[in-house]
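Report on the following structure.
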There are 2 protein chains.
Amino acid sequence: MALKHAVLAALLDGEYSGYQLAKAFDIGVANFWHALPQQLYAELTRLEAEGLVAGRQVVQETRPNKRLFHVTDAGLAELERFAAGSAKPSFIRDDLLVKVQAVDRIDAGPVIEQLDERARIAAAKAEVLGKLLVRLRGDRDEADFLAHGTRIGPYLTCLRGLGFERETREWCERIADVLRARIAAPQRP
Amino acid sequence: MALKHAVLAALLDGEYSGYQLAKAFDIGVANFWHALPQQLYAELTRLEAEGLVAGRQVVQETRPNKRLFHVTDAGLAELERFAAGSAKPSFIRDDLLVKVQAVDRIDAGPVIEQLDERARIAAAKAEVLGKLLVRLRGDRDEADFLAHGTRIGPYLTCLRGLGFERETREWCERIADVLRARIAAPQRP
DNA sequence: TTCCCATACTCAAGAATCTGACTAATCATA
DNA sequence: TATGATTAGTCAGATTCTTGAGTATGGGAA
């Protein structure tokens, strides 16, 4: 039941429809979790049945109707309970890393291409996150915002996301260079 | 079918039993994937049935018998095919981040404790990885090893793991400090 | 000498996640 | 004026991952 708390945490910032939530979790603006739309709709249904979120129907003229959800008091209490419990460490699980692990026993060409591609994706995401940080803190500087802002949770997770994407980019670029150099130069072990 | 290729990649460095593999994937020495013993035994059985790995029985006196596995030519070809295909970007999925996302709507105390704890774990793992790097490159320096070493895959994924753990540690320490400062100082938004 | 830990594995059941297809309307673009 | 993208969801099925229990032996510590 991990997605459950991720959804509750995401809904703390206001009312969202399943569709909006799905975008945040799919594109990865929500830097603390990832999930597909189908999962989110199902989870929202369960959460509503448990009374942890409440939804209201919004009738729209030009678009299909939607349901906006918010966290109830019971939902906040559930989050509180969750936060007090212990968390297991998170693990890396990445196809690209598996390929790099095997890289000197297979053709390095496609792996290098994918490292370049991943570096580009990480750079783009880092930029998005950088802008999001500026938007979240408004006109204040970071230290002031973190010391006195009223809602810093999303900012803090965003900082983690930015660090992660930067690291990813640097690593990808460096490894791609190392592999290119090995192809260019003769191997004398 | 992602674990499949992770197991194949892990077995490239020699022969391992399910038990040894399980330790590497559980403790996280294998920095490119994580899995529980049950999964690994099941996966090895499947891989053997597909002819991608081959095992041999090793009879032991003082310990239960074990089966050591290695990758077959077909297994290497499968890895090759996997590496040539496209990889989806990896996403963060972490309970602790969910808690931080919610931190200013719930009691921050337990979250701070868990950040401290996670920082310690990350620091310890970073140290283990640092030592592993030294062991992997032997008496060479890094640049020389990466340019001319014969088996650099594990070293490269280890570098990623080290970067990740360092980032994790820095972020956890910083966030814990921010949250402590907010508890100590009055909130004037 | 009793108890726990490490080695080495197996089985079953359940929860979580992913893949892929479907409905149905409006809006922008070529 | 087709075509595709966007909004807003639903359903079924497969795969993957996690939880929990169980088997069996030997070694070391209390």
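All values below come from the heavy atoms of this structure, side chains included, with hydrogens, waters and symmetry mates left out. Within every chain, numbering begins at 1; the chains are lettered A, B, ... in the order of the sequence lines, protein sequences first and strands thereafter.
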When rounded to whole Å, the CD to P distance for the pair Q39(A) and dG13(D) reads 18 Å
Regarding the side chain of T62(B), the nearest nucleotide among dT10(C), dG9(D), dG26(D) is dG26(D)
D95(A) atom CG is separated from dC18(C) atom P, nearest whole Å, by 12 Å
L3(A) atom CG is separated from dC18(C) atom C1', nearest whole Å, by 13 Å
Base, sugar-phosphate or nothing for R93(A)? Non-hydrogen atoms, less than 4.0 Å. sugar-phosphate
- Task: Please state whether the phosphate of dT7(D), meaning OP1 or OP2, lies under 4.0 angstrom from any side-chain nitrogen or oxygen of K23(A).
- Result: yes
Winner on side-chain proximity to P64(B), out of dA24(D), dA21(D), dT7(D), is dA24(D)
message = Between the side chains of E80(B) and R105(A), is the shortest nitrogen-to-carboxylate-oxygen separation below 4.0 Å, so that they form an ion pair?
response = no
When rounded to whole Å, the OH to P distance for the pair Y19(A) and dT7(D) reads 4 Å
By nearest-nucleotide position on DNA chain D, the 5'-leaning member of R46(B) and K88(A) is R46(B)
- Query: Does any N or O donor sit under 3.5 Å from an N or O acceptor when you compare the side chain of R63(A) with the base of dT6(D)?
  - Reply: yes
Heavy-atom nearest pair, L132(B) first then C158(B), reads CD2-SG, 3.8 Å
Ranking A35(A) and N65(B) by the position along DNA chain C of their nearest nucleotide, the one closer to 5' is N65(B)
In whole angstroms, the gap separating P of dA8(C) from CZ of R67(B) amounts to 14 Å
Salt bridge (Lys or Arg N to Asp or Glu O under 4.0 Å) with E165(B): of K125(B), R120(B), R118(B), only one passes, and it is K125(B)
Atom OH of Y41(B) and atom P of dT7(C) are separated, to the nearest Å, by 10 Å
Check the phosphate of dC17(D) against K4(B), side-chain N and O only, distance under 4.0 Å to OP1 or OP2. Yes or no?
no
query = Looking only at atom types and distance, does a side-chain atom of T72(A) sit under 3.5 Å from a main-chain N or O of L52(A), one as donor and one as acceptor?
reply = yes
- Can you label the angle between the F25(A) ring and the F32(A) ring as parallel, tilted or perpendicular, going by 30° and 60°? perpendicular
Between CD of Q38(B) and P of dT19(D) the distance, given in whole Å, is 10 Å
Separation of dT10(C) atom P from E43(B) atom CD, nearest Å, is 14 Å
